[in-house]
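See below for the structure under consideration.
Protein chains get the first letters and strands the later ones, always in sequence-line order, with residue 1 at the start of each. Everything numeric here is computed off the predicted structure, so don't read it as measured data.
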Protein chains: 8
Amino acid sequence: MNKTFKYNRLSKDDAVLLLVDHQAGLISLVQDFSPNEFKNNVLAITACGKYFKLPTILTTSFEGGPNGPLVPEIKEMHPTAPYIARPGNINAWDNEDFVNAIKKTGRKQLIIAGVVTEVCVAFPALSAIEEGYEVFVVTDASGTFNEITRDAAWARMQASGVQLMSWFGVACELHRDWRNDIEGLGALFSSYLPNYRNLMTSYFAITKK
Amino acid sequence: MNKTFKYNRLSKDDAVLLLVDHQAGLISLVQDFSPNEFKNNVLAITACGKYFKLPTILTTSFEGGPNGPLVPEIKEMHPTAPYIARPGNINAWDNEDFVNAIKKTGRKQLIIAGVVTEVCVAFPALSAIEEGYEVFVVTDASGTFNEITRDAAWARMQASGVQLMSWFGVACELHRDWRNDIEGLGALFSSYLPNYRNLMTSYFAITKK
Amino acid sequence: MNKTFKYNRLSKDDAVLLLVDHQAGLISLVQDFSPNEFKNNVLAITACGKYFKLPTILTTSFEGGPNGPLVPEIKEMHPTAPYIARPGNINAWDNEDFVNAIKKTGRKQLIIAGVVTEVCVAFPALSAIEEGYEVFVVTDASGTFNEITRDAAWARMQASGVQLMSWFGVACELHRDWRNDIEGLGALFSSYLPNYRNLMTSYFAITKK
Amino acid sequence: MNKTFKYNRLSKDDAVLLLVDHQAGLISLVQDFSPNEFKNNVLAITACGKYFKLPTILTTSFEGGPNGPLVPEIKEMHPTAPYIARPGNINAWDNEDFVNAIKKTGRKQLIIAGVVTEVCVAFPALSAIEEGYEVFVVTDASGTFNEITRDAAWARMQASGVQLMSWFGVACELHRDWRNDIEGLGALFSSYLPNYRNLMTSYFAITKK
Amino acid sequence: MNKTFKYNRLSKDDAVLLLVDHQAGLISLVQDFSPNEFKNNVLAITACGKYFKLPTILTTSFEGGPNGPLVPEIKEMHPTAPYIARPGNINAWDNEDFVNAIKKTGRKQLIIAGVVTEVCVAFPALSAIEEGYEVFVVTDASGTFNEITRDAAWARMQASGVQLMSWFGVACELHRDWRNDIEGLGALFSSYLPNYRNLMTSYFAITKK
Amino acid sequence: MNKTFKYNRLSKDDAVLLLVDHQAGLISLVQDFSPNEFKNNVLAITACGKYFKLPTILTTSFEGGPNGPLVPEIKEMHPTAPYIARPGNINAWDNEDFVNAIKKTGRKQLIIAGVVTEVCVAFPALSAIEEGYEVFVVTDASGTFNEITRDAAWARMQASGVQLMSWFGVACELHRDWRNDIEGLGALFSSYLPNYRNLMTSYFAITKK
Amino acid sequence: MNKTFKYNRLSKDDAVLLLVDHQAGLISLVQDFSPNEFKNNVLAITACGKYFKLPTILTTSFEGGPNGPLVPEIKEMHPTAPYIARPGNINAWDNEDFVNAIKKTGRKQLIIAGVVTEVCVAFPALSAIEEGYEVFVVTDASGTFNEITRDAAWARMQASGVQLMSWFGVACELHRDWRNDIEGLGALFSSYLPNYRNLMTSYFAITKK
Amino acid sequence: MNKTFKYNRLSKDDAVLLLVDHQAGLISLVQDFSPNEFKNNVLAITACGKYFKLPTILTTSFEGGPNGPLVPEIKEMHPTAPYIARPGNINAWDNEDFVNAIKKTGRKQLIIAGVVTEVCVAFPALSAIEEGYEVFVVTDASGTFNEITRDAAWARMQASGVQLMSWFGVACELHRDWRNDIEGLGALFSSYLPNYRNLMTSYFAITKK
């Protein structure tokens, strides 16, 4: 029993969103999600960044080469976000601009998603933990070659203190209370959770009769 | 060996699209696809109907009750399509308005998708085969309770002469040749095939430099 | 293309339900369904027999020995049904009493479910097809050792002309039109389809407000 | 090796059962269990609360809206239980009435099940751990979108000190010794474990001859 | 509907068992069964040959090389069976000695199991069908590289008229009636069906008290 | 029973190998095989074409665009093969050069592999069946979006008379007898079947001592 | 990093084998292994107890009732082992005779296997850890209802300090060096690892020529 | 939160690669990877050893017997590496020559891959952790009997402080920055990651036009 456990919830005032290497080429390496599933989840966490007005930092690796450009929808949702096109560092944390962009926010909770999980997500996650940040990995918006690689990556990250989340969990932990904005949260869920959208469709069809 | 096999391809001039019971409530019964996957596929075949200008017929079962209303995007993409809200017939083919809407098109190739596969799709499919139509079921836009039910439904339909397709196969068989409209087909694929979209993103990033 | 396909729908006036060897011991051999899933489906098709007032015939194999007694709920739902405790015939069709019970109904559509699929279901199914019956196997209320055995059994049955169904498909094909009895069918679905029950719960919660 | 491990077993005198957001609408989001499996497990843990006479606390989120009402069987089994319809708090622990209801029992072992796992279960679980409670999550009566989300939620909870259980494990740990009530426990298992029911059916068929 | 279907059951008086290339080396290629599962099934069908006194024919391919010797238990159960060590023919039917051994039995029902399914089983199966034999493939005692290869092999065989069976189905179809030899069949099942053995253990424990 | 079944084996003297659209971009759409598995199988059937000296025809779709160029190893193994870069026809059979290249061989057995299965493989397969060719699809060297799409494509092709094979089955059916070239076939298997390579490694390690 | 990790290997001189509730009835509850797989593993660890001459303790729960008698092979391999038929304690550790039998050995390493994992294995495992024993659970000889229950049970046990092993790992850690008894260990592996048996068959076939 | 976590990255100057028992016979025991997948991953980590010029140590168990010789490609890539053919020690760490070879390098980071995971990998991993080494297990180049055994082995290793990696993660953590050698790393990925190779093929096809 962990008697000294402290539940530091994700906070809209202390969290930063880091989107790492969701590039058109690299995504073809992702095989632990179906393409539709993965696209939905990546856009969902991207939309969370926007909806909760989190400082959001975008980074890519070698985007002029085979890795390809950032998925355009991400850039479109965060047009003014710091955008660090890394010239070669595999671990984004090795890139000064990237770390400085984080430090500049003054925040200590890092929400990370990226491709591929065991490298582009795990490496900066471990680096950040070492420097005292709280790290929350969005597991369903981070993809890799197969489930074995994913499981190993999760295990390594968790052993270091990383917290494994999903985009929906992140959204709910940030929002705290529906009453803060019922319509806004409903619209977010409606866009990225087809079954929740269906519930709303049915509900409003009856109540608006 | 089937020496007398005749390959009657789907034709833009002879095909009708039937969308059966994709209702907000009923879709909660679908468990053989993830919700994101299913939503994507249903919208993809719906968009094919629009893109290829196929006569499209919409029908629902008891939409005022627990089954819920039609998924709104379908109606939005086909605002003028015949829309038959069946008062009780489980097999849409038992509904005269539905069959008349088909007959009025004068076409003989029926593309069917619906919820749930072994009932709302299979029943009209078998009825149509009996009446001499060619029937093409869009397997990935038709959902049901689990894989066992799906497999049994597929087997029964195939034994009757139904052809099992996917939305992408339908699109390609209708289009025949990229040169008929490269941009249009590319846009369709880009919207519903994330990995194809990524190929296009990477390609145009390089060539437009 | 099967130009001469005739869609003989299951009819309340021509169908018989055969429940073969759902015995407490034998069911421990079933591994291609979870126990809860299988119990639900077996009781669902049993309830269909009662709801649609189908002549229903129960049979067991060696019920005094390790195979164990019939699952009691089946007997309880069909207290007056012919009950043939076969002394040794593995294929129920080899038992005169069983075949006579069927013949006595004067019906030609046999709905069969049983344990195990490739023996207790497939053997009488093939025998019945040979004698000119239409046979509909309830795949989700028939269980066996594993998926490989099931797939092989399905393939053999289908090749002989057996139609592969599910309990829900059987119910819908028999019922034809919700208007024949909305409440009754709703109650049946509510009992054996948790997600449909949920739809009804939500719907009536709102409309009865 | 954890030399200081203390095995605090679940105790009928110190445990509370918390059932969180098993609502007719929300359950349509659950895809990591088949609907039959999930319904069985939820009712099983609900029945455990009744059988072991545990203080049981029911709570729902926004039950007047798309999330839908509590599954009625839960309310029926616990008609006098505290019932907190939360007006907006996502984490039930943020609701004073909910926490007070727990505190009022004076107990320190919380058994939690709910929908969805990574939010409605994990959030109050982490909050409770922080406040020094022992927390036992009923994993098979808690559902979510898919297995990836579930795995991440389990990992996060376990890292905080939550104990992952199943309804059967909870029942056995509470009961301690069959001799405390053979018939009662047998009846519980018979209702929610079809294979155990079959063992009993076979056994009594022989011994009662 | 196949109105002319004739159900020719497997008969102890007309069936031959062909065991093809179950060699110690080749079995390492089998990945569509776990090794324990496959060993059990191969020995089970081998034991059926002995129990039902079927003429049994053993054959191997290149057994002096990397393919390795026949699994010894097979030879031990059939010490006097014709044993054709093929010098090079991949399709056993291309080997005169093999075909002659079959013809010598004067029987027309061939039960085939072997490694690998799509070659060592499918090739002689198709050859035998062509020559008018009835062919029954023991799917669970025939293994290959993966499920895709297996599925394709099954489809090809079934299209030619091969009947897909399992060892248990073969045993039951041959035995016809428990009363022909209750103890013998019970012993066979007890050896190769652990759950049936358990049923017998429990049953006799009670009845022999 | 198919009494008129004729087993026309694949023959080195009558078979042509068609490799359709194995392009670097399109392969990123393939998700029903792991990338390593698929690469191995595609190169294996390509190597079979070379080893058995089959006329081999290569074709691509829009290779200058996002679909990307042919996988280079294929071209390298067949440097002088007819190579048809189709300008837009989705069904290769719609391209005269492609069909002429086939006709020029004077052969009637077509072995087809390609990407994606339900389009680039199935369309020309159905067209060829219609024109009286025997068609053998190499299922494990043909890939697509997911297993549902694959299953539907297989079903459609099989219903038309296509034979579903694997690269290993093709190789064995063409080779007929190890004695035709033990070393050559051994080398082929050693390159593309790791477990067979291991058997050879172990065997020669002992025998060469 | 666990700087103080001490690797206390399993030792033939300090280990006890506890086989808990492998009863003919209870095993029908096990669904996370195929019956053949589970039988093999249970007999393998039982045989390890015999081969390594470990003090072995057998216990059952309510063996006169539906749970059924101990699987007979276990008793046969350990005819003189302490055998505690528990009258009602669910956690074997609550039974004084059981704990005394362990204490009497004076050993501190407990190897536990049983049915079902989260109760009959986990409960005594946690109790033993609390009392300072080293506990090694044989995961592949311990079965339960499904994988979710298993995963939760493993997580709970591991969090308490239990070491998760397999029977093969136990055997290898106890044996230390093949030279201690090459033939004996080879015979053990040959009996319970079909693929290892095949390796030996092939090897000796060549070397004994 | 692990406030004292120190992220010691794998370093080309401090890491040793240990390849344990990848022998032609033993590999037939591996069933948790497809043979093609496993061969690719084993050769990939072997190639990493060469590319990053890591001291690499090869060891085998009983290579003259059924276990078979080392996979030849490993030896070919590391012709001058220390090669310890262990005469009988199951745990390579029990072999003085093996440990001395490691000590001689003066390095403290051990990268281990081997067959089978829970024995040949886990045993030396635990021994090394005990002696203060940092241990990184290459999970995707280490194979075993099935996923249950693997999961248990991973859990035991992780609990001791082992870090679970994949070959790609190892390569990226060692390389740090693409700019250290773009072509070399590209070539490595191109050889063992078919999808990355495809990205490069497409990219260079366009840019070199």
Heavy-atom distance under 4.5 Å to chain F: side chain of Glu131(E), backbone, both or neither? neither
I'd like to know if the side chain of Tyr196(F) pairs up with that of Asn67(E) as donor and acceptor (distance under 3.5 Å, no hydrogens or angles considered). yes
At what distance, to the nearest 0.5 angstrom, does CD of Gln163(F) lie from OG of Ser160(E)? 9.0 Å
So, taking the atom named CG in Leu126(E) and the one named CG in Asn8(F), what distance separates them when rounded to the nearest 0.5 Å? 11.0 Å
Give a yes or no on whether a salt bridge exists between Arg9(F) and Asp94(E), defined as a side-chain N under 4.0 angstrom from a carboxylate O. yes
Within a strict 4.5 Å, meaning less than it, do heavy atoms of the Trp154(F) and Asp151(E) side chains meet? yes
Working note: Thr144(E) + Phe168(F), criterion side chain to side chain contact (heavy atoms under 4.5 Å, CB included); need CA distance, chi angles, decisive distance, verdict. CA-CA 10 Å; Thr144(E) 186; Phe168(F) 183 73; over 6 Å; no
Nearest 0.5 Å please: distance from the CG atom of Leu164(F) over to the CD1 atom of Ile148(E). 12.0 Å
Test item: Ile90(E) and Leu185(F) side chains (from C-beta on) under 4.5 Å apart, heavy atoms: yes
Atom group of Thr117(E) that falls short of 4.5 Å from chain F, counting heavy atoms: neither
Distance check, rounded to the nearest 0.5 Å: Leu193(F) atom CG versus Phe145(E) atom CZ? 4.5 Å
Against chain E, label Phe136(F) side chain, backbone, both or neither, depending on which of its atoms sit under 4.5 Å from a heavy atom there. side chain
Tell me whether Arg156(E) is salt-bridged to Glu173(F), with the criterion being a basic N under 4.0 Å from an acidic carboxylate O. yes
Closest non-hydrogen atom pair, Gly169(F) against Val119(E): CA-CG2, 3.9 Å
Taking every heavy-atom pair that is under 4.5 Å apart, which of Cys172(F), Ser166(F), Gly186(F), Ala155(F) has the most such pairs with chain E? Cys172(F)
In terms of heavy-atom contacts, Leu199(F) and Ser28(E) come closest through CD2-OG, 3.7 Å
Non-hydrogen atoms of Arg179(F) and Pro87(E) that approach each other most closely: NH1-CG, 3.1 Å
Distance check, rounded to the nearest 0.5 Å: Glu130(E) atom CD versus Thr4(F) atom OG1? 10.5 Å
Parallel, tilted or perpendicular: which describes the rings of Phe62(E) and Trp178(F), with under 30° parallel and over 60° perpendicular? perpendicular
Look up atom CG in Asn91(E) and atom CZ in Arg176(F), then write down how far apart they are to the nearest 0.5 Å. 9.0 Å
For a 4.5 angstrom cut-off between non-hydrogen side-chain atoms, does Leu29(E) reach Phe189(F)? no
Counting only non-hydrogen atoms closer than 4.5 Å, does Asn198(F) touch chain E with its backbone (N, CA, C, O), its side chain (CB onward), both, or neither? neither
